[in-house]
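Structure record follows, encoded as structure tokens.
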Amino acid sequence: MTDTAMAMGPALVAECTESLDNMLAETNGMIMGMVATSDGFVVASVTAPGWSVDPNRIAAMASSGHALGETVANELAHGKCNNVIIDTDQLSIVFLSVPGTDDSPLILGVAATKSVSLGTVLYGAKHCTKRLSETVNTVL
């Protein structure tokens, strides 16, 4: 468990991990789920069997990518950035804001193979952010 995760409390980390496990189990093709702080530290992460992902590196990139999305949204003066999508030849990667965590912003990062549509990935990820938001507001 990272220092950031310990500071947030084991109950929150356990609840986040459970939400991530559920998301991976419910969404075919999902290979990774991670909750990170807006400053790039891992709170919780899960990876599907057979995949190797360094959650610390992904958390740092999620933070930077989401910050870039926020900057573009602010520059265009069209509201808050809700998610950032990265589409590669083999994977869809999405970073989403977790609603209701404005005081200590959290980002959900997910990756899925191309065997699942981007719409399905977004649906599963947004459902997970809703559960995470409820968890954060209950546990904290």
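Every value quoted in this text rests on a predicted model; they were computed, and no experiment measured them.
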Look up atom [atom1] in [X] and atom [atom2] in [Y], then write down how far apart they are to the nearest 0.5 Å.
X	Y	atom1	atom2	value
His127	Glu26	NE2	CD	5.5 Å
Phe95	Met34	CZ	CE	6.0 Å
Cys81	Leu96	SG	CG	9.0 Å
Thr135	Leu106	OG1	CG	10.5 Å

Starting from [Y], can I reach [X] by hopping between I/L/V/M/F/W/Y residues whose side chains sit under 4.5 Å apart?
X	Y	value
Val98	Ile85	yes
Met61	Ile86	yes
Leu118	Met30	yes

Under 3.5 Å donor-acceptor, Ser133 side chain and Thr129 backbone:
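Checked: no pair found.
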Strictly distance-based, threshold 3.5 Å: is any side-chain N or O of Thr17 a donor or acceptor partner for the main-chain N or O of Val13?
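Yes, the answer is positive, given that a donor and an acceptor are paired below the 3.5 Å cut-off.
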Heavy-atom closest pair, residues Thr88 and Lys114
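Heavy atoms of Thr88 and Lys114 come nearest at O-CE, 2.9 Å.
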Compare all side-chain heavy atoms of Val72 with those of Glu75 and state whether any distance is below 4.5 angstrom.
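Val72 does not reach Glu75 side chain to side chain.
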Determine whether Val35 and Ile107 make a side-chain contact, defined as any pair of heavy atoms from C-beta on separated by less than 4.5 Å.
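Val35 vs Ile107: side chains apart.
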Is a donor from one side chain sitting under 3.5 angstrom from an acceptor on the other, for His66 and Ser97?
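Yes, a side-chain donor-acceptor pair sits under 3.5 Å.
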